[in-house]
Structure formats: structure tokens, C-alpha cells
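The next block holds one structure in the form of C-alpha cells; read it before the comments.
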Amino acid sequence: MKKLIYILLAIVVIIIIVSILVINLSNTTSPTSPNITSPTKLEKISVSEVTHSIFYAPQYVAMNLGFFEEEGLEIELINGGGADNVMTAVLSNQVDIGFAGPEAAIYVYNEGKEDYAEVFAQVTKRDGSFLVAREKTDNFSWTDLKGKHVLPGRKGGAPYMTFEYVLKQNGLDIVNDLNLDTSISFDAMNSSFVGGTADYVTSFEPAASLLEKEGAGYIVAAVGSATEEIPYTAYFAKKSYIEKNSDIIQKFTNAIYKGQVWVNQHSSEEIADATISSFPDSDKELLTKAIENYKKIDVWNTTPYMSEDSFNLLQKVIMEAGELDTMAPYNKIVNNTFAENVKK
């Protein structure tokens with residue numbers, strides 16, 4: 001009888017031990033266990049870019065190498081097809097952040113809009129367009145444009161105004177010396193040129209190198225190399241959005257800064273490897289050439305900070321183009337708080 005009792009007790013003990021083990025195992029594998037780190041949910045941010053170009057390499061590097069994810073952000077990128085469209089999307093709350101020329105923010109501020117757009121991170125410091133000729137030209141001079149038909153972009157946009165500034169600096173009369181055709185939309189300029197319109201077109205990379213590769217044109221000059229440094233492309237958001245989401249703006253700026261540092265520390269070929277997934281229609285050789293063209297003219301900022309001198313030069317260019325009557329205050333349009341924080 002005692003033997004039977006001992007056997008029963010042993011069975012009970014075994015059952016208890018097994019039960020404890022099962023419970024512990026269940027707790028260990030449970031998603032709610034404090035020992036398991038659940039993946040952090042990324043904050044989705046929508047960004048409208050003025051056009052899709054390797055000119056914005058730091059952005060694509062930040063996206064493709066996970067710099068935004070490191071900051072807890074997921075980027076939804078939308079091609080705005082022009083700075084005016086980008087700003088419209090920002091002001092109407094269709095997107096969170098705009099990426100275009102800072103002139104868009106200047107226009108909005110001068111219109112007296114209370115909830116205007118603030119610029120918080122600069123990416124490029126020179127014009128990124130290249131002048132593409134229909135005929136091969138050796139020893140190009142800006143005066144070669146006399147009597148020619150040129151597609152320079154939308155009047156009032158940064159590409160057009162910078163191009164006009166360069167022409168004036170080289171002694172050309174933009175009204176009487178050549179035909180600056182602004183009737184073609186920004187995103188249709190290259191296709192229009194290929195179709196036979198104009199003698200020259202201004203084009204961003206990698207589209208400019210693609211035109212050359214396909215025999216549709218020849219790169220004869222870099223517009224950016226003919227001017228001083230100018231804040232050409234930057235990120236902006238509504239003042240109210242920045243105030244309510246300063247943590248997101250800081251994380252976004254941090255990621256862009258990482259992209260800027262990476263681009264400035266790596267070769268054209270390495271940048272092409274990091275960005276080619278963002279340009280599925282380009283091969284690596286073409287993309288590398290386009291990046292090298294930009295490196296040659298030193299287009300990328302090393303930090304997101306925008307200086308007052310460069311901002312005022314931009315406004316001078318806009319004024320000379322007849323698109324601005326009153327200069328906007330630097331300390332209202334430009335918010336360098338987040339750019340200053342990235343190096344702290």
C-alpha cells in the first residue's frame with residue numbers, strides 16, 4: 001500500500017514539474033514577454049519631391065541604406081512634377097514634407113499666408129541642370145545660344161531663374177538674343193526635346209546622360225558651375241506641422257544628414273550601388289557617370305544648414321528674374337534649429 005502511495009506522489013510531483021516547465025516555456029515564447037523586444041513601429045511620413053533625379057543622391061542613400069529606419073521613420077516618396085505642385089501638396093495637407101527649391105517658400109510667405117512653409121534642411125548648393133544641345137559642340141560658349149530655341153523650365157522656378165541669371169552674367173539679352181520657351185511643363189521637357197522641339201534643353205541627371213547615351217543630345221555645360229553657391233533644393237513643411245511634430249522633423253533631418261555625410265565620403269560607383277534601386281530604368285554605368293558629373297561641380301551640402309548669404313543670393317536671382325518685389329526675412333523662412341542639432 002505504501003509503495004502505491006509513493007508511486008502516486010511521484011506521479012503528482014512529475015505532473016507539477018511538467019506543468020511549471022510548460023508555463024515557463026509559454027511565457028518565454030509569448031509576444032507579450034518582457035524578454036522579447038517587439039519591432040518598433042515606423043512612423044510613416046509622406047514627402048513630395050520636385051522631380052526624381054540622382055541630383056538628390058543623399059535622400060536616396062538615406063532611404064536605401066536604412067538611415068530613415070534608424071530614426072524610426074518610413075518614407076512615402078511622391079514625384080510632385082514641379083515646385084509649385086510640391087508646395088500645393090504641402091499647403092493642402094496632401095503630404096507632410098516638400099522637397100523643392102526654397103523659392104516656393106519665399107513666394108508663400110510674401111503672399112501673407114499665416115501658416116506658411118518653413119525650410120528646415122538644405123540638400124543641394126548649386127543648380128543641378130545640364131545644358132544639352134541637339135548638335136555636338138566643341139568649346140561651348142554661352143554666347144553660342146544667340147538666336148537659338150531653348151527649353152529652360154517653368155518661369156519662376158529655380159531652374160529657369162538660375163539659367164536666366166547665368167545668361168545675364170554672360171552678357172546675353174534674354175528677350176532679344178534667344179528664345180527661352182517656357183511653354184513646356186518641367187516633366188515633359190526631355191520628351192519634347194527628343195520629339196524635335198528646340199535646339200537646347202536644360203536637364204537634370206540621370207536624364208541628361210540618358211539623352212547623350214541615346215544619341216538624342218550632347219551635354220555642353222553645367223549650369224551650376226557657372227554660378228556661386230546657392231540654396232537650390234531643400235526640405236520644407238508648414239509652420240504648424242513643424243511646431244506639432246518637431247521630433248519627426250529632427251529625426252528626418254538626422255537621416256538626411258547621415259545621407260549627406262555618406263555621399264561625401266564615398267565614390268561615384270559606391271553611390272551608384274546604393275541608389276540604383278531608386279532608378280530601375282538606369283544602368284549602373286549611366287548612373288555612375290551622372291553622379292560623377294555632379295561630384296565634379298560640387299553640388300551637395302555637407303550638412304543640412306542653410307546660410308543667410310546663400311539665401312539672400314537666391315532672392316537676388318529671383319529679383320533679377322522679375323519674380324520677387326520684396327525680400328523675405330531669412331529668420332522667418334529658414335529654420336536651422338534641426339540642422340544645428342544634427343552635430344550635437
Side-chain angles (χ1 to χ4, degrees), residues 42-83 85-86 89 94-101 121-130 159 186-191 203-214 224 232-236 251-297 299-302 304:
L42 299 177
E43 183 83 24
K44 191 170 185 178
I45 305 300
S46 55
V47 179
S48 178
E49 60 179 359
V50 62
T51 189
H52 195 64
S53 169
I54 196 61
F55 185 41
Y56 313 130
Q59 172 182 265
Y60 306 121
V61 164
M63 293 177 66
N64 297 340
L65 297 188
F67 297 154
F68 283 110
E69 286 82 351
E70 288 175 6
E71 297 292 334
L73 302 178
E74 177 186 350
I75 303 302
E76 178 190 7
L77 193 61
I78 301 161
N79 190 335
N85 295 332
V86 171
Q94 296 176 47
V95 296
D96 302 310
I97 293 172
F99 184 44
Q122 181 180 338
V123 175
T124 60
K125 59 182 178 181
R126 295 187 189 281
D127 188 297
S129 55
F130 292 83
F186 183 82
D187 53 355
M189 285 164 52
N190 287 331
S191 59
S203 181
F204 285 78
E205 291 285 19
S209 289
L210 183 60
L211 287 173
E212 198 167 57
K213 180 180 179 180
E214 294 178 344
Y232 200 80
T233 327
Y235 292 100
F236 49 81
K251 291 175 181 178
F252 188 96
T253 307
N254 293 346
I256 289 299
Y257 175 58
K258 291 176 185 177
Q260 289 175 317
V261 170
W262 198 95
V263 163
N264 280 282
Q265 291 179 346
H266 289 76
S267 68
S268 299
E269 186 174 3
E270 290 170 325
I271 297 170
D273 285 332
T275 58
I276 195 164
S277 62
S278 297
F279 298 90
D281 295 332
S282 296
D283 58 50
K284 183 181 174 181
E285 182 182 357
L286 177 70
L287 205 58
T288 301
K289 181 179 182 297
I291 294 165
E292 189 60 32
N293 283 344
Y294 280 137
K295 273 189 169 286
K296 285 177 182 176
I297 63 172
V299 297
W300 294 304
N301 279 41
T302 55

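Take Glu49 and apply the salt bridge (Lys or Arg N to Asp or Glu O under 4.0 Å) test, not counting sequence neighbours, and it matches no residue. Applying the side chain to side chain contact (heavy atoms under 4.5 Å, CB included) criterion to Glu70, with sequence neighbours excluded, gives Phe67, Lys258. Residues satisfying the ring-ring contact (aromatic ring centres under 6.0 Å, His included) criterion with Phe236, sequence neighbours excluded, are absent altogether. Leu286 is linked by a side chain to side chain contact (heavy atoms under 4.5 Å, CB included) to Ser209, Leu210, Lys213, Ser282, Asp283, counting only residues two or more places apart in sequence or in another chain. Scored by the side chain to side chain contact (heavy atoms under 4.5 Å, CB included) test, Asn190 finds Val201, Ser203, Ala207, Leu211 as partners (sequence neighbours excluded). Considering only residues two or more places apart in sequence or on other chains, Glu43 meets the salt bridge (Lys or Arg N to Asp or Glu O under 4.0 Å) condition with none of them. Evaluation of the side chain to side chain contact (heavy atoms under 4.5 Å, CB included) rule for Ala121 yields Tyr235, Thr253, Pro304 as partners, not counting sequence neighbours. Taking Glu269 as the reference, Lys284 meet the salt bridge (Lys or Arg N to Asp or Glu O under 4.0 Å) condition, with sequence neighbours excluded. Legend: residues meeting ring-ring contact (aromatic ring centres under 6.0 Å, His included) with Phe68, ordered by chain and number and at least two apart, are Phe252. Evaluation of the ring-ring contact (aromatic ring centres under 6.0 Å, His included) rule for Phe55 yields Phe204, Tyr232, Tyr294 as partners, not counting sequence neighbours. Not counting sequence neighbours, the partners of Lys125 by the salt bridge (Lys or Arg N to Asp or Glu O under 4.0 Å) test are Glu229, Asp298.
Looking at Phe99, Phe279, Trp300 one by one, the single match for ring pair (Phe, Tyr, Trp, His ring centres under 6.0 Å) with Tyr56 turns out to be Phe99.
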Can you give the donor-acceptor pairs under 3.5 Å from side chains of residues 73-82 to other protein atoms, not counting sequence neighbours?
{"from": "Asn79", "atom 1": "OD1", "to": "Gly81", "atom 2": "N", "distance (Å)": "3.0"}

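When all heavy atoms of Ser268 and Lys295 are compared, the pair lying nearest together is OG-CD, 3.4 Å. Tyr60 approaches Ser53 most closely through the heavy-atom pair CE1-O, 2.9 Å. Shown here for Gly98 and Val86, the closest heavy-atom pair between the two residues is CA-CG1, 3.6 Å.
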Quiz prompt | From CA spacing to verdict: side chain to side chain contact (heavy atoms under 4.5 Å, CB included), Asn293, Ile297 | solution = CA-CA 7 Å; Asn293 283 344; Ile297 63 172; over 6 Å; no
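Proximity of Glu292 to Lys296: side-chain heavy atoms (C-beta onward) are separated by under 4.5 Å at one or more points.
Of the possible donor and acceptor atoms, none in the side chain of Thr275 sits under 3.5 Å from a partner among the backbone N and O of Val61.
Between the side chains of Ser48 and Asn85, no donor-acceptor pair of N or O atoms lies under 3.5 Å.
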